[in-house]
Amino acid sequence: MLDMKYLRKNVTEVTQKLQDRGVSPDNLIELLNLDQERRDTIQKVENLKADRNIESDKIAYAKRNQEDASQSILAMQRVSQEIKKLDARQLELNDQVQNLAAHLPNLAASEVPVGVDESANIEQRVWEPTDYQKRPHALLETPEWLKAHYEVGEALGILDFERGAKVSGARFLYYVGDGARLERAVYNFMLDEHRKEGYTEMITPIVVNDAAMFGTGQYPKFQDDAYRVSGLAQTYIPTAEVPLTNYYSGETLPADDLPIKFTALSPSFRKEAGAAGKDTRGLIRLHQFNKVEMVKFTKPDQSYAELESMTANAESILQKLGLPYHVIMLSTGDMGFSAAKTYDIEVWMPQQSLYREISSVSNTEAFQARRMHITYRDEDNKLQLVHTLNGSGLAVGRTVAAILENYQNEDGSITIPEILRSYMGGQEKLVATPHY
RNA sequence: GGAGCUAUGGCACAAUCCGGUACUGCAACGGACUCGAAAUCCGUCGAGCCGCUUUUGGCGGUGUGCGGGUUCGAAUCCCGCUAGCUCCUCCA
């Protein structure tokens with residue numbers, strides 16, 4: 001949610017910035033007109049209410065003194081009728097203003113490149129392990145034997161998409177045997193790393209109410225992408241960002257505690273509406289996947305430094321796993337609804353010779369905090385909105401996919417990244433194992 | 001899932017039956033006393049939200065868990081909801 005006062009005072013600037021994000025200026029004009037009418041109505045009705053309060057006191061006083069107040073009561077009956085009408089009108093206007101405002105995306109930070117889509121994104125840096133070129137598949141050209149992660153996963157018997165589809169539906173899967181073990185090793189490793197960086201580990205509800213979905217900005221605009229619990233005003237979370245960020249909704253945080261950092265592993269549920277036919281195979285685009293999420297609550301003047309360090313926290317996971325990646329800054333057209341600035345981290349997938357998103361780290365500034373009312377008291381004891389940040393650290397399934405390709409050997413086995421071996425009882429390789 | 005009870009400032013509580021300025025204490029803040037502190041005394045104290053404004057402030061509105069209704073006027077009466085507690089039932 002944007003600051004209405006700021007919108008009123010900076011119409012030209014906001015019009016431009018909304019346009020950068022693909023929002024027509026008409027939306028803002030309509031919003032401001034309704035807002036003006038709303039404030040006019042408030043003034044009218046508040047004057048009437050002030051009169052009525054005074055008159056009501058007089059009636060109470062007269063009644064105590066056994067005096068007749070029927071003239072006043074008659075007059076106030078008319079005033080109350082008028083107030084009722086104006087109140088109803090104001091409520092209507094409130095709803096309309098709220099509804100319009102709730103559909104406006106966050107304004108991009110000034111350094112964010114303006115563009116309509118991902119083509120305007122800017123690469124920030126590229127990283128690869130020093131020994132990467134020594135790996136069997138890291139040749140200039142992709143070797144023919146290199147299999148896509150889902151092919152090698154099925155060949156090894158550790159990913160079962162067919163039975164996932166049979167029991168659940170398309171875009172669901174079973175991890176089997178060493179596959180399940182690898183997934184578990186990956187997220188345990190990630191959680192341990194984040195905990196070392198000072199993130200408090202959480203296990204959150206994975207079903208949340210509508211207020212929570214509104215608070216982080218998924219609702220009202222993106223209801224079609226969410227798995228709603230049938231018949232209830234609850235939703236299976238599309239990301240742990242929702243329960244983690246809403247943890248403090250409606251609360252005032254002690255300034256000395258900031259920044260506060262949370263991390264959690266959770267399943268994430270997405271309908272992937274509009275993605276029909278895209279990435280239909282493998283671990284890349286599922287209706288349910290595991291993700292380790294990071295969330296921060298900060299003071300406004302520290303949020304951009306914290307964005308950098310959160311990005312570094314996500315990168316460090318890939319570095320320790322020895323997976324090549326690059327970091328890009330998303331353009332205004334490619335960013336999520338709530339974000340003011342977003343870095344995507346994309347991991348190298350050698351079989352397709354492309355980078356694939358594995359993490360998205362955003363500063364939403366006060367956009368979410370305003371929706372869910374998370375504040376702290378500044379030096380002058382005044383309430384200020386905190387800034388909230390969120391980032392994947394990382395998408396677990398996609399990390400497994402990246403391991404299956406980047407650590408694949410010519411014989412079809414997978415070398416387990418060294419850092420994960422202690423999480424897998426010292427196991428060094430994934431080889432085909434029979435199962436039933 | 002069933003029954004009963006409860007919800008009032010940062011905390012504890014009163015007013016609810018029978019509608020009329022939301023009581024008091026603690027905490028907090030300011031001051032006196034003191035070298036300083038404690039104790040004591042005096043004073044201030046409804047957070048948040050909204051609107052107007054001559055904007056370190058002032059005025060008004062709202063605000064007794066949430067949403068409606070009745071009324072000139074609702075903490076109080078009526079309806080709906082949510083959360084917590086107790087008991088029953090069920091359960092990993």
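Residue numbering restarts at 1 for every chain, and letters A, B, ... go by the order of the sequence lines. Every value quoted in this text rests on a predicted model; they were computed, and no experiment measured them.
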Considering only atom [atom1], compute the distance from [N] to [M] and round it to an integer number of Å.
{"N": "B:rC45", "M": "B:rA38", "atom1": "C1'", "value": "23 Å"}
{"N": "B:rG25", "M": "B:rU6", "atom1": "C1'", "value": "22 Å"}
{"N": "B:rC72", "M": "B:rU54", "atom1": "C1'", "value": "36 Å"}
{"N": "B:rC29", "M": "B:rA47", "atom1": "C1'", "value": "15 Å"}
{"N": "B:rC77", "M": "B:rG20", "atom1": "P", "value": "11 Å"}
{"N": "B:rU16", "M": "B:rA74", "atom1": "C1'", "value": "11 Å"}
{"N": "B:rU89", "M": "B:rU76", "atom1": "P", "value": "37 Å"}
{"N": "B:rU21", "M": "B:rG63", "atom1": "P", "value": "16 Å"}

What contact category does [X] fall into here, base, sugar-phosphate, or nothing, at under 4.0 angstrom with non-hydrogen atoms?
{"X": "A:Arg52", "result": "sugar-phosphate"}
{"X": "A:Leu383", "result": "sugar-phosphate"}
{"X": "A:Ser72", "result": "nothing"}

| message | Looking at A:Arg52 and A:Asp57, is there a salt bridge between them, counting it only when a charged N and a carboxylate O are closer than 4.0 Å? | response | no
| said: Regarding A:Asp35 and A:Arg8, does a basic nitrogen lie under 4.0 Å from an acidic carboxylate oxygen? | reply: yes
| message | Run through RNA chain B and report every stem of 3 or more consecutive Watson-Crick or G-U pairs, distances under 3.5 Å, ordered by first number. | response | B:1-7 with B:82-88, B:10-12 with B:24-26, B:28-32 with B:40-44, B:48-53 with B:57-62, B:65-69 with B:77-81
| Between B:rG51 and A:Arg8, is there an OP1 or OP2 to side-chain N/O distance shorter than 4.0 Å? |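 Checking A:Arg8 against B:rG51: at least one side-chain N or O falls below 4.0 Å of OP1 or OP2.
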| request: Compare side-chain N and O positions of A:Ser80 against OP1 and OP2 of B:rG73 and report whether any pair is under 4.0 Å apart. | output: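 The answer is yes; a side-chain N or O of A:Ser80 sits under 4.0 Å from OP1 or OP2.
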Just to verify, what does [X] make a salt bridge (Lys or Arg N to Asp or Glu O under 4.0 Å) with, not counting sequence neighbours?
{"X": "A:Lys196", "value": "A:Glu193"}
{"X": "A:Glu37", "value": "A:Arg89"}
{"X": "A:Lys221", "value": "none"}
{"X": "A:Arg370", "value": "none"}

| said: Using every non-hydrogen atom in the two residues, find where A:Asn121 and A:Asp334 come nearest and quote the distance to one decimal. | reply: ND2-OD2, 2.9 Å
How many Å lie between [atom1] on [X] and [atom2] on [N], as a whole number?
{"X": "A:Ile73", "N": "B:rC72", "atom1": "CD1", "atom2": "C1'", "value": "5 Å"}
{"X": "A:Lys5", "N": "B:rU53", "atom1": "NZ", "atom2": "C1'", "value": "13 Å"}
{"X": "A:Leu385", "N": "B:rC49", "atom1": "CG", "atom2": "C1'", "value": "12 Å"}
{"X": "A:Asp51", "N": "B:rC59", "atom1": "CG", "atom2": "P", "value": "18 Å"}
{"X": "A:Tyr61", "N": "B:rG19", "atom1": "OH", "atom2": "C1'", "value": "20 Å"}
{"X": "A:Asp57", "N": "B:rG60", "atom1": "CG", "atom2": "P", "value": "12 Å"}
{"X": "A:Asn53", "N": "B:rG73", "atom1": "CG", "atom2": "C1'", "value": "9 Å"}
{"X": "A:His373", "N": "B:rA47", "atom1": "NE2", "atom2": "P", "value": "14 Å"}

Residues forming a ring pair (Phe, Tyr, Trp, His ring centres under 6.0 Å) with [X], sequence neighbours excluded:
{"X": "A:Phe214", "result": "none"}
{"X": "A:Tyr247", "result": "A:Phe262"}
{"X": "A:His194", "result": "A:Tyr199"}
{"X": "A:Tyr174", "result": "none"}

Produce the list of close N/O pairs, under 3.5 Å, pairing protein atoms with atoms of nucleotides 66-70 of chain B; give distances to one decimal.
residue : atom : partner : partner atom : Å
B:rU70  : OP2  : A:Lys84 : NZ           : 3.0

| task | Using a cut-off of strictly less than 4.0 Å between a heavy atom of the residue and any atom of RNA chain B, enumerate the qualifying residues of residues 37-49 of chain A by number. | result |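 Correct list: A:Arg38, A:Arg39, A:Ile42, A:Gln43, A:Glu46, A:Lys49.
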| Where each residue is assigned the nucleotide of RNA chain B containing its nearest heavy atom, which of A:Asp35 and A:Ile54 is assigned the position nearer the 5′ end? | A:Asp35
| request: Evaluate the salt bridge (Lys or Arg N to Asp or Glu O under 4.0 Å) criterion for residues A:Asp87 and A:Lys84: first the C-alpha distance (whole Å), next the side-chain angles of each, then the deciding distance (0.1 Å), finally the verdict. | output: CA-CA 5 Å; A:Asp87 262 346; A:Lys84 211 172 211 175; over 6 Å; no
| request: Enumerate the residue pairs fulfilling ring pair (Phe, Tyr, Trp, His ring centres under 6.0 Å) with a member in residues 41-79 of chain A, sequence neighbours excluded, ordered by first and then second residue. | output: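 Sorted pair list comes back empty.
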